[in-house]
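Down below is the structure, laid out as structure tokens.
Values below: all heavy atoms of this structure, side chains included; hydrogens, waters and symmetry mates excluded. What you are looking at is a predicted structure, and each value in this text was computed from that prediction instead of being measured. Numbered from 1 within each chain, the chains take letters A, B, ... in sequence-line order.
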Protein chains: 2
Amino acid sequence: MTLKKKRVKLEDIARKLNISIATVSRALDENPRVKLSTREKVFKTAKMMGYMPNQIAKSLSSGKTNLIGVIIPRYDESFFIEVCRGIDRYVRKHNYKILISSSRNSFEFERENLISFERGLVDGIILSPTHETETFVHIKSIINKGIPVVLFDNIREEVSGADHVLIEDDKASFSAVEFLIKKGRKRIAFIGGIKEKKVFQDRYDGYKKAMTKHNIPIYEELILHCESLDRENEDTEIQDFFNNISAIPDAVFTCTDNYGLLTMKTLLKMGYKIPEQISVIGFGDLGLGEIFVPSMTCIAQPSFEMGEKAAELLINQFNEPNDVNHRKKVLKLKTELILRDST
Amino acid sequence: MTLKKKRVKLEDIARKLNISIATVSRALDENPRVKLSTREKVFKTAKMMGYMPNQIAKSLSSGKTNLIGVIIPRYDESFFIEVCRGIDRYVRKHNYKILISSSRNSFEFERENLISFERGLVDGIILSPTHETETFVHIKSIINKGIPVVLFDNIREEVSGADHVLIEDDKASFSAVEFLIKKGRKRIAFIGGIKEKKVFQDRYDGYKKAMTKHNIPIYEELILHCESLDRENEDTEIQDFFNNISAIPDAVFTCTDNYGLLTMKTLLKMGYKIPEQISVIGFGDLGLGEIFVPSMTCIAQPSFEMGEKAAELLINQFNEPNDVNHRKKVLKLKTELILRDST
DNA sequence: CTGTTAGCGCCTTCAT
DNA sequence: ATGAAGGCGCTAACAG
């Protein structure tokens, strides 16, 4: 009963039916060149015997695995999960599955993951570079092997040699900060992430441009570049920041939803009123901002769509005859300022 | 330059070195039966030629893919992502990767995913059944094919035929509700999820037991079983619930962090003070509860650990000589009530 | 319409 | 210490 049954294969069906393996294979493929009656017999027998095709054998033979590798900096950031959902949704329609790996914000791990995908397990790769990633050679090496690659988010110049999809971080933050200014705020703080990360640099640039355009001085004291790579330390960093500030700002522009929420929490605990005394804006709009009281004004980033688009670019590469004529494609997605109670 | 180079394989190395494929294979395996000098030559040449082993060929030949399939009801629930992180962390040490699929809360999709894993792509499967899953046959069928399976969370009797890991939902909620009672609360509301889901049934049982034990009447009006399977509708359902209640409760026990947060948001907006007038408890403790103001008291569920343990059970099955002697193993993990400002 | 044959790239006896 | 050969399960080109 609990006998370890051997998997049934094409050969077994062929033998039972006294026909060749090739015919069985073709029949199961619904190849019209096989007589209908034979096809039916084969289907029936296959079902009866509990036949399941061997994906690995198929892949080896066909040269396709129908797997797509996805490398993200971390699992525990809703943004990346949303992107993965988008990718998954899109590629599933084309009969692909995704294999997700985390680079844990480390360039070394990113390289390792890439290499492990180089072993023929995946037909293509979608990657979001870490803040440490300053070179394109590891990616280029993959592309040279004929494996399609698409990048998303956090693409710095040096890494921009492949198809990629992103948002215009500088413009998004510019308009958010300008919105604060037009609301009459002047002492606007900026909270970003690690300086090395391109998206944070761009968001900082947008902040500076908006301030400069409106002739508002930028005070070092009001700038925080969080260095933490995990939740708990972010919290501490932000609390310390506000505790050490000489005069509280009248608005805070933050570069992630989490920074925004932690900022609101800290300020509320310090006794300030939001938005009466201080406005706060987050970045991402991944659900939490809406629940918080007061709900948080956010720059909404189309994460799910970013995944879908990245997947689309990849699938398109699959269908291109050869890479020689491949022109790099860059997709810039729209962001939107969602107004809520925190401003 | 952008020539589509063919992948280099063992044969290429063998030819270049004028030795056999077998020797190359063994050399790269660091097989001591190969002369050291040969081994070195092979390594050098392999590196020089940019050799990368073909994972698929390896898998076909060895019968192992080193892939583990994971099926979760949804991607956008931190709990499942945390479990996946735990699984990933554990299996990575044993040189496995995970392939995550979502059943989107549908039994049909769960079955489909299972079947697609049955095609030899994965060496084992970790699955969290949907609320719709009332049968074990689809899982049993996988097990019968010799593919190890481990389940986690939401295991009802009918589905409990495989190794699994869970928490004692009833006890956890019992103690949380009893805690509220001991704090002097009497009019305690319950907010759970779809009735069909075992974990919610158990959490409801715990609530009822605690109330009964302390002779507190249970009012239907104070009970809500949310039916929504996505965020937005949950919000509406909970708002409606409180808007239609005749007399507001003095405490609310909720079955997920999200329900808890939405409850707090709704109550705060209605003008109630938390915890002065109403206490709120969440379930999960996945980070948001700590940020909210007031911070939320939660039952902490060891999600990450649940993943690690599930992975461990699976890897152990790999190492067992045969399944005939396999005794089903059940792991019950500890929960903890984390006290914060909402109670 | 069906069968034969030759791979896909690697591993693994069995020889030598 | 190395080579030759068969096999993993399936696909596809070529015959008939």
Side-chain angles (χ1 to χ4, degrees), chain A residues 5-43 45-46 49-67 95 118-123 145-147, chain B residues 5-43 45-46 49-67 116 118-123 145-147:
Chain A
K5 300 167 193 157
K6 271 234 208 63
R7 288 179 72 95
V8 6
K9 46 190 179 181
L10 292 184
E11 191 190 342
D12 301 321
I13 302 177
R15 195 155 358 96
K16 167 156 274 172
L17 255 37
N18 253 319
I19 56 181
S20 76
I21 297 180
T23 302
V24 178
S25 172
R26 281 191 285 252
L28 291 175
D29 247 27
E30 315 220 37
N31 187 325
R33 280 174 33 193
V34 176
K35 197 177 17 173
L36 192 62
S37 65
T38 315
R39 258 191 280 169
E40 282 169 348
K41 253 194 311 188
V42 170
F43 267 104
T45 314
M49 299 178 72
Y51 172 74
M52 273 289 162
N54 180 324
Q55 188 61 47
I56 300 296
K58 243 178 165 147
S59 295
L60 181 61
S61 172
S62 69
K64 286 195 42 164
T65 63
N66 281 68
L67 245 35
N95 195 28
E118 211 176 331
R119 293 158 133 71
L121 224 197
V122 300
D123 292 340
K145 299 224 171 186
I147 304 175
Chain B
K5 299 168 194 159
K6 271 235 209 60
R7 287 179 71 97
V8 6
K9 45 190 178 181
L10 292 185
E11 191 189 342
D12 302 321
I13 302 177
R15 195 154 359 93
K16 167 155 274 175
L17 255 36
N18 253 320
I19 55 180
S20 76
I21 297 181
T23 302
V24 178
S25 171
R26 280 192 283 251
L28 291 174
D29 248 25
E30 315 220 36
N31 187 326
R33 278 175 34 191
V34 176
K35 199 179 10 177
L36 192 62
S37 64
T38 316
R39 257 191 281 169
E40 283 169 348
K41 254 194 312 189
V42 171
F43 267 105
T45 314
M49 299 177 72
Y51 171 74
M52 272 290 163
N54 180 323
Q55 188 61 47
I56 299 297
K58 244 177 164 147
S59 295
L60 181 60
S61 171
S62 69
K64 285 196 42 162
T65 63
N66 280 68
L67 247 35
S116 95
E118 211 176 331
R119 292 158 134 66
L121 225 197
V122 300
D123 293 339
K145 299 223 173 187
I147 303 175

Quick one: [X] [atom1] to [N] [atom2], roughly how many Å, whole number?
X: B/Asp12; N: C/dC10; atom1: CG; atom2: C1'; value: 13 Å
X: B/Lys35; N: D/dG3; atom1: NZ; atom2: P; value: 10 Å
X: B/Gln55; N: C/dC11; atom1: CD; atom2: C1'; value: 13 Å
X: A/Ile21; N: D/dC8; atom1: CD1; atom2: P; value: 10 Å
X: A/Asn54; N: D/dG7; atom1: CG; atom2: C1'; value: 13 Å
X: B/Lys58; N: C/dC8; atom1: NZ; atom2: P; value: 19 Å
X: A/Arg119; N: C/dC11; atom1: CZ; atom2: P; value: 11 Å
X: A/Glu11; N: C/dG3; atom1: CD; atom2: P; value: 14 Å

What does B/Asn18 touch in the nucleic acid at a heavy-atom separation under 4.0 angstrom: a base, only the sugar-phosphate, or nothing?
sugar-phosphate

What nucleic acid atoms does B/Thr38 come within less than 4.0 Å of, heavy atoms only: base, sugar-phosphate, or nothing?
sugar-phosphate

Does a salt bridge link A/Lys9 with A/Asp12, judged by any charged N lying under 4.0 Å from a carboxylate O?
no

Look at B/Arg26 together with B/Asp29 and state whether they make a salt bridge at an N to O cut-off of under 4.0 Å.
no

Whether [X] contacts [N] is assessed here as follows: a side-chain N or O lying under 4.0 Å from the phosphate OP1 or OP2. Is that the case?
X: B/Ser25; N: C/dC11; answer: yes
X: B/Lys9; N: C/dG9; answer: yes
X: A/Ser61; N: C/dC8; answer: no

Establish whether the base of C/dT12 is bridged to the side chain of B/Arg26 by a donor-acceptor pair shorter than 3.5 Å.
no

Work out which heavy atom in A/Leu121 is nearest to a heavy atom in B/Gln55; give both atom names and the distance.
CG-CG, 4.0 Å

Closest-nucleotide ordering on DNA chain D, the 5'-leading residue of B/Thr23 and B/Leu60
B/Thr23

Nearest-nucleotide 5' precedence on DNA chain D, B/Ile19 against A/Ile56
B/Ile19

Using modelled atom types only, decide if a donor and an acceptor are shared between the side chain of A/Ser61 and the backbone of A/Ala57 within a distance under 3.5 Å.
no

Donor-acceptor check, side chain of B/Thr65 to backbone of B/Ser59, threshold 3.5 angstrom: yes or no?
no

Side chain of B/Val34, heavy atoms from C-beta onward: which of C/dT2, D/dC10, D/dT2 has the nearest atom to it?
D/dT2

